[in-house]
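Read the structure below first, then the notes.
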Amino acid sequence: MRTNIIIDDSQKKKWWEIKEEAAKRHMKIGDYLIYCHNIRKKMEEKNNLMELLNKPLAGGKKGIDAIEATKSMWKL
């Protein structure tokens, strides 16, 4: 699939920066834009997870990176 992108004159400098970054990574511009989009989405997800971890849980704990499990959780 081919997509045409129209660049405003005021954004031409940014466009050349994008082309340079794509070339450094040996990527096509479209692939680089998708790559950047995926990174941005992952950062948003990470920020949401960090926010959840820093809020107090039912037990009142903050800043945890693992959830404690009781022995009954491991029984089959």
Side-chain angles (χ1 to χ4, degrees):
M1 185 170 104
R2 189 174 187 113
T3 303
N4 293 327
I5 300 173
I6 299 171
I7 306 298
D8 188 332
D9 286 341
S10 64
Q11 297 297 319
K12 281 190 178 183
K13 182 178 178 186
K14 190 66 173 172
W15 176 250
W16 288 108
E17 289 176 23
I18 291 170
K19 284 186 77 161
E20 283 180 21
E21 287 297 318
K24 285 180 190 175
R25 289 177 171 75
H26 306 289
M27 300 172 85
K28 293 180 181 177
I29 293 172
D31 293 338
Y32 179 72
L33 293 174
I34 291 168
Y35 168 77
C36 291
H37 174 72
N38 289 339
I39 288 176
R40 183 181 57 79
K41 292 299 280 182
K42 286 179 182 174
M43 289 304 294
E44 286 176 7
E45 290 171 10
K46 178 185 172 196
N47 291 339
N48 290 339
L49 286 173
M50 292 306 295
E51 187 178 325
L52 284 173
L53 290 173
N54 287 325
K55 287 183 181 175
L57 299 175
K61 296 183 180 180
K62 291 183 181 181
I64 61 166
D65 58 2
I67 296 174
E68 293 177 11
T70 61
K71 288 182 183 178
S72 63
M73 294 174 81
W74 296 103
K75 292 181 182 175
L76 295 176

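None of the values given here were measured: they were computed from a predicted structure.
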message = Between E45 and K42 (salt bridge meaning N to carboxylate O under 4.0 Å), is one present in this structure?
response = no
message = Would a single hydrophobic cluster contain both W15 and Y35, if residues Ile, Leu, Val, Met, Phe, Trp and Tyr are joined by side-chain heavy-atom contacts under 4.5 Å?
response = yes
Show me, pair by pair, the donor-acceptor contacts under 3.5 angstrom made by side chains of residues 21-32, not counting sequence neighbours?
from, atom 1, to, atom 2, distance (Å)
E21, OE1, R25, NH1, 2.7
E21, OE2, K24, NZ, 3.3

key: Residues that Q11 engages under side-chain hydrogen bond (donor to acceptor under 3.5 Å, both in side chains), provided they are two or more places apart   = none
ask   = Mind checking what makes salt bridge (charged side-chain N to carboxylate O under 4.0 Å, His left out) contact with K19, not counting sequence neighbours?
value = none
message = Test of understanding: with salt bridge (charged side-chain N to carboxylate O under 4.0 Å, His left out), list the residues that count as partners of K12, not counting sequence neighbours.
response = D9
query = Measuring from N38:CG to L33:CG, what's the distance to the nearest 0.5 Å?
reply = 11.0 Å
inquiry  = Applying side-chain hydrogen bond (donor to acceptor under 3.5 Å, both in side chains), can you list everything that pairs with K13, at least two apart in sequence or on another chain?
reply    = none
query = Partners of E44 by side chain to side chain contact (heavy atoms under 4.5 Å, CB included), sequence neighbours excluded?
reply = R40, K41
